Amino acid sequence: MREESEVAMIGNVATMALVGVLVAVSLCSCASGAGGEPGGAPPARSLKDAFAGRFHVGAALGGGLFREPGQPTLGLVARQFGTISPENVLKWGPFNPRSRVYNHEGADAFVKFGRRNGMFVVGHVLFWHSQTPDWVFEDSRGKPIGREALLKRMRERVRHVASRYRKHIDAWDVVNEAILDNGKMRKSKWLEVLGDGWIEDAFRIAGEELPRSTKLLYNDYSMTMRGRRDAVVRLVRELKRKKIRIDGVGMQGHWSLGGPRIRDIEKSIVAFHEAGVDVHITELDVDVLPRKAGMWGADVAKRLEGDPTMDPYRDGLPEEMQRKLAKRYADLFGLFLKHSDKIERVTFWGVTDRHSWLNNWPIKGRTNYPLLFDREGRPKPAFDAVINVARDSAEAVKTR
Ligand code: G3I
């Protein structure tokens, strides 16, 4: 949020210095249930309030949350978050599985929930190499279609969501994960049929069909990788040179306790902002489980066979690991506050540890703890550490 830059600048010096102290405090306050969520005392603190005026804080919602009896997790979402993203219901496959056949129910419930709670509602994702049905690229006889026919289908998709949800969706991930770690284009049916300029085609169509107020984003993972970062900066500059609208870059943020380094994340935030767009942290989570080499990023197609050593915390996350997770999140949010003039929102990919995709990726059926709320929806030490970073950053501003 650009107008807050002066506040951000003052905040960052104090913020970074206080991070360490806050972690220790958070561990004891959590034990006392001070965070107070389902089953505990009324909520004492909320993420959306703690970062109000700095950036939106939110979560991705799986369709299953709307089917939970009494919808307790949606209650937690309404109390804690100011922005929501759809984990699956607006992707081409789940939303439009066959030509002229739509599953509107899940998407309608998602958008309505966001409106009812005055949230910044995100659409994910218009065009992606995954979860896109084969019929999109074939004619009625199953033969591959050509450029013009595919561009027509892309426009129909955008026109359909634009007419159904209009200004009720505040931002769209227009294209997701089209660039590789080395900066080259990912091989996909989009690239095959439309060629190297397919991302431009996608943004041109989105800019022509969606409301001017709807933010248009390019979204990807491993955005600290130099090849990908530089290629995305070139993409932004090229779109702007051609007067094709792009408003933001989404850094997914599927990170771990050990990486990427804060300074590498900072480099990317600054590089994208200098290219003239806002930065959105779109799918934040911190994996605490062991991984084998080469198993980073978030390529859903990658899978690994598991063994007990890869799933060490089935019976609970040890306090030492809770401490490490709290420190990691405090460092990340310290950085986000330092650059809150460049960052529009920070969205967690899931609400509680129970809902996280990281329980099933890259190994199915593990017990992971990547988010701020535990499987019962109770705030973890990491939640308190993040809240404390915001509070002390605000204090630092006040005391100047
Ligand atoms: O809905 C069907 C259900 O009918 C069927 O019974 C079940 C059994 O296979 O599958 C269900 O679909 C699953 C869907 O999630 C809804 O739960 C798909 O198999 C499963 O592949 C899909 O996983 C999603 C994944 O994207 C797919 O690509 C994850 O929930 C979602 O968290 C993940 O999110 C991606 C972002 O979109 C892009 N960035 C990386 C991120 C993590 O992979």
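All values reported here derive from a predicted model rather than from experimental measurement. Numbering of ligands and ligand atoms starts at 1, following listing order.
With 3.5 Å as the limit, one finds a donor-acceptor pair spanning the side chains of Thr347 and Arg345. Ser356 and Asn368 are not linked by any side-chain donor-acceptor pair at a separation below 3.5 angstrom, with hydrogens and angles left out of the test. A donor atom on one side chain and an acceptor atom on the other are not found under 3.5 Å apart for Asn96 and Arg153.
The closest protein non-hydrogen atom to atom 21 (O) of ligand 1 is Gln131 NE2, 4.9 Å. Protein heavy atom in closest approach to atom 43 (O) of ligand 1: Val300 CG1, 2.7 Å. Nearest protein heavy-atom contact of atom 30 (O) of ligand 1 is Asn88 ND2, 2.9 Å. The protein non-hydrogen atom at the shortest distance from atom 32 (O) of ligand 1 is Glu87 OE2, 2.5 Å. Looking only at protein heavy atoms, the nearest one to atom 26 (O) of ligand 1 is Lys91 NZ, 3.0 Å.
Under the 4.0 Å distance rule, the nearest protein heavy atom to atom 38 (C) of ligand 1 falls inside the cut-off. For atom 6 (O) of ligand 1, the nearest protein heavy atom lies 4.0 Å or farther away. Inside a 4.0 Å radius of atom 19 (O) of ligand 1 there is not any protein heavy atom. In this structure, atom 3 (C) of ligand 1 has its sub-4.0 angstrom surroundings free of protein heavy atoms. Not a single protein heavy atom sits closer than 4.0 Å to atom 13 (C) of ligand 1. For atom 16 (C) of ligand 1, the nearest protein heavy atom is under 4.0 Å away. Distance remark: protein heavy atom not present below 4.0 angstrom from atom 9 (O) of ligand 1.
One finds no salt bridge joining Arg263 and Glu266 here, because no Lys/Arg side-chain nitrogen approaches an Asp/Glu carboxylate oxygen to under 4.0 Å. Using a cut-off of 4.0 Å between Lys/Arg side-chain N and Asp/Glu carboxylate O, Asp49 and Arg45 are scored as not salt-bridged. Salt-bridge annotation for Arg159 and Glu156: absent, with no side-chain N of the basic residue lying under 4.0 Å from a carboxylate O of the acidic one. Between Arg234 and Asp230 there is no salt bridge, since none of the side-chain N atoms of the basic residue sits less than 4.0 Å from a carboxylate O of the acidic one.
Nearest-residue assignment for atom 34 (O) of ligand 1 (options Trp128, Trp349, Trp361; heavy-atom criterion): Trp349. Taking only non-hydrogen atoms, the option from Glu177, Gln252, His124 nearest to atom 36 (C) of ligand 1 is His124.
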Checklist entry - Please walk me through it: do Trp357 and His254 pass ring-ring contact (aromatic ring centres under 6.0 Å, His included)? => result CA-CA 11 Å; Trp357 73 294; His254 294 294; 4.9 Å; yes

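Residues passing the side chain to side chain donor-acceptor pair (under 3.5 Å) test with Glu200, sequence neighbours excluded: Lys242.
Heavy atoms of Tyr221 found under 4.0 angstrom from ligand 1: none, in either backbone or side chain.
Taking 4.5 Å as the limit, some side-chain heavy atom of Leu90 sits within range of a side-chain heavy atom of Ile169.
The neighbour count for Lys112 NZ, taken as heavy atoms of other residues, nucleotides or ligands under 6.0 Å away, does not exceed 12.
For ligand 1 and Glu283, the ligand atoms under 4.0 Å from any heavy atom of the residue are 36 (C), 38 (C), 39 (N), 40 (C), 41 (C). Atoms of ligand 1 found under 4.0 Å from any heavy atom of His254, numbered from 1 in the order shown, are 40 (C), 41 (C). Listed by atom number, the atoms of ligand 1 under 4.0 Å from Asn176 heavy atoms are 38 (C).
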